[in-house]
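See below for the structure under consideration.
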Amino acid sequence: MRQLSVVGSGYVGLVTGTCFADMGNSVTLVDIDERKIDMLQAGQLPIYEPGLAEMVQRNTDAGRMRFTTSYADGLADAEFVFVCVGTPSGVDGEADLQYVRAAAQTIAKTMRQPLIVINKSTVPVGTGDWTAEIISSNQPQPVDFAVVSCPEFLREGSAIADFMHPDRTVLGSSDASAAERVAELYAPLEAPVVITDIRTAEMIKYASNAFLATRISFINEISIICERLGADVTEVARGMGYDKRIGPHFLQAGIGFGGSCFPKDVKALANMAQTHGMHPQLLNAVMEINAFQRRQITLKARELLDGSVSGKTVSMLGLAFKQNTDDTRESPSLTVARSLLNQGAIVKAYDPVAMANASRDVPGITMCDSPYSAAAESDALLVLTPWNEFKQLDMRRVLKSMRRPIIIDGRNMYSPDELKEIGFVYRGVGRGYNGEGRLANGDD
Ligand code: UDX
């Protein structure tokens with residue numbers, strides 16, 4: 001059992017702390033936000049993540065996990081402190097490091113015994129060295145410490161499984177023995193460990209996320225070409241994915257990537273390149289395609305609704321940026337909702353868990369209590385988040401309740417043939433042959 005402290009109770013901090021506690025360590029989670037700590041102490045979670053609430057409960061009951069707003073309390077016996085604070089986008093897309101700076105300063109002022117400071121927040125290359133300088137210059141008297149970069153690769157919605165079964169653990173430090181000690185913490189997970197210098201570790205995180213985002217924009221660009229040429233992108237991706245050099249993951253065409261990581265990280269990496277005099281052509285294209293993909297949904301709705309959505313009722317299934325999360329940060333669904341509202345549409349929506357967050361972000365959406373009530377009396381139905389519960393909807397019932405039989409399947413969840421068979425006008429993403437038909441595109 002090791003004594004760990006985790007600073008920040010967002011997705012990364014909560015999942016990291018809880019999983020380490022579950023592995024038998026003693027974990028104190030520190031957050032300066034009293035509301036969050038009060039909620040956690042009362043057994044409630046400030047975020048939704050499948051399986052996490054039960055795990056937090058189990059570990060607090062077992063006495064392995066506790067929550068505090070005090071750094072002094074949190075760091076009292078700690079050997080390791082994980083920094084898991086937010087790094088939002090600044091005005092030019094650069095990562096805003098104010099929370100990392102504040103955490104480093106407070107750690108420096110509070111620590112009383114040697115400490116390994118592990119940075120899990122996604123930070124620009126060079127931040128590890130900068131953190132070490134902040135700690136040294138803010139310590140009232142010198143106490144030994146080392147900074148290790150250990151980027152997180154957790155996906156929301158499957159974060160616990162991702163933590164417990166990582167593809168790899170990346171550790172970057174100028175202090176090899178500190179990196180080895182952190183590697184020991186991760187040893188029970190039996191994943192390959194890449195130990196490297198701190199800047200390389202920081203870059204691995206950006207390069208990984210930018211590469212995954214590039215795959216998505218790549219397949220989204222292919223989807224546009226498929227639509228025009230009469231091919232089906234879902235089959236194209238399947239046919240490509242069997243090639244071991246390509247693989248099947250992150251090749252689902254859709255409404256573009258969202259969430260707290262990909263949009264922010266691609267932007268921040270491009271910004272880093274730009275500020276160092278480079279022109280990040282590919283990264284810029286990845287972002288441009290992503291924005292275009294979101295616009296496509298509104299354009300399709302407009303086209304199918306006789307050129308204008310004004311005064312029409314458009315319903316949306318799914319508001320979270322992806323399934324199994326209540327997170328609406330950079331959610332493509334909300335971009336679509338805003339655009340429809342700006343064009344004068346009445347927007348109704350249903351999401352199993354993200355409606356509260358979405359109402360806060362886009363107050364004009366009328367929230368409904370089921371997919372069926374959302375679809376009722378609407379002129380078009382847009383399916384935007386691939387929640388499981390949308391897979392088996394009674395589509396005949398949906399169709400009967402709608403004013404017009406129009407469905408735009410932004411995640412290619414349904415069989416175009418089946419929906420057309422029961423009377424829907426169907427549009428998917430990149431399903432030129434099955435979805436729209438070559439002639440409908442006017443190309444043959
Ligand atoms: C991501 C990374 O996967 C994770 O390693 C990182 O550290 C945090 O960011 P997350 O944002 O939770 O995780 O979600 P992810 O499952 O990666 O999906 C990101 C976005 O891409 C979602 O909007 C999703 O719908 C979209 N996506 C994903 C696609 O459009 N197509 C795909 O094939 C895969």
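Both counts, for ligands and for their atoms, begin at 1 and track the order of listing. Residue indices begin at 1 and follow the sequence shown. Bear in mind the structure is a predicted one, so any value in this text is a computation, not a measurement.
- Here's the thing with Phe262: none of its N/O atoms is less than 3.5 angstrom from an N/O atom of ligand 1.
- At a cut-off of 3.5 Å, with distance as the only test, no side-chain donor of Ser217 or Asn290 sits close to an acceptor on the other residue.
- Just one of Arg66, Glu54, Arg64 meets the side chain to side chain donor-acceptor pair (under 3.5 Å) condition when paired with Asn59; it is Arg64.
- For Asn209, every heavy-atom contact with ligand 1 shorter than 4.0 Å involves the side chain, none the backbone.
- If you number the atoms of ligand 1 from 1 as listed, the ones under 4.0 Å from a heavy atom of Leu154 come out as 4 (C), 6 (C), 7 (O), 8 (C), 13 (O).
- Of all the listed residues (Lys322, Arg411, Arg215, Arg155), Arg155 holds the heavy atom that lies closest to atom 3 (O) of ligand 1.
- In this structure Arg2 satisfies the side chain to side chain donor-acceptor pair (under 3.5 Å) test together with Glu79, sequence neighbours excluded.
- Gly259 does not count as a contact of ligand 1, since none of its heavy atoms falls under 4.0 Å from the ligand.
- For Gly258, the closest heavy-atom approach to ligand 1 falls below 4.0 Å.
- Inclusion of Phe153 in the set of residues having an N or O under 3.5 Å from an N or O of ligand 1 is warranted.
- Among protein heavy atoms, the minimum distance from atom 22 (C) of ligand 1 is reached at Phe321 CD1, 3.6 Å.
- Here the protein heavy atom with the shortest distance to atom 12 (O) of ligand 1 is Glu156 N, 2.6 Å.
- Ring to ring, Phe321 and Phe257 are not that close: their centroids are 6.0 angstrom or more apart.
- At a heavy-atom distance under 4.0 Å, no atom of Ile219 approaches ligand 1.
- For atom 33 (O) of ligand 1, the nearest non-hydrogen atom from the set Glu152, Gln252, Lys120, His249 belongs to Gln252.
- When each atom of ligand 1 is checked for a heavy atom of Leu251 under 4.0 Å away, the hits are 33 (O).
- Using a 4.5 Å heavy-atom threshold, the side chains of Val170 and Arg168 count as touching.
- Salt-bridge formation is detected for the pair Asp129/Arg199: a Lys NZ or Arg NE/NH1/NH2 atom is positioned less than 4.0 Å from an Asp or Glu carboxylate oxygen.
- Side chains of Thr28 and Leu4 form no contact here, defined as non-hydrogen atoms less than 4.5 Å apart.
- Under the 4.5 Å side-chain criterion, counting only non-hydrogen atoms from C-beta, Leu381 is in contact with Leu317.
- Contacts between Lys205 and ligand 1 below 4.0 angstrom, taking non-hydrogen atoms only, involve the side chain exclusively.
- Between Cys261 and ligand 1, a contact under 3.5 Å exists for no N or O pair.
- No close placement of the Phe20 and Phe80 rings is indicated, their centers lying 6.0 Å or farther apart.
- Nearest protein neighbour of atom 34 (C) of ligand 1, counting heavy atoms only, is Phe250 CD2, 3.4 Å.
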Problem - Intermediate values then yes/no, side-chain hydrogen bond (donor to acceptor under 3.5 Å, both in side chains), Glu202 and Ser149 - result: CA-CA 7 Å; Glu202 289 164 344; Ser149 161; 4.8 Å; no
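- Comparing Ile216, Val12, Thr122 by heavy-atom distance to atom 27 (N) of ligand 1, the nearest is Ile216.
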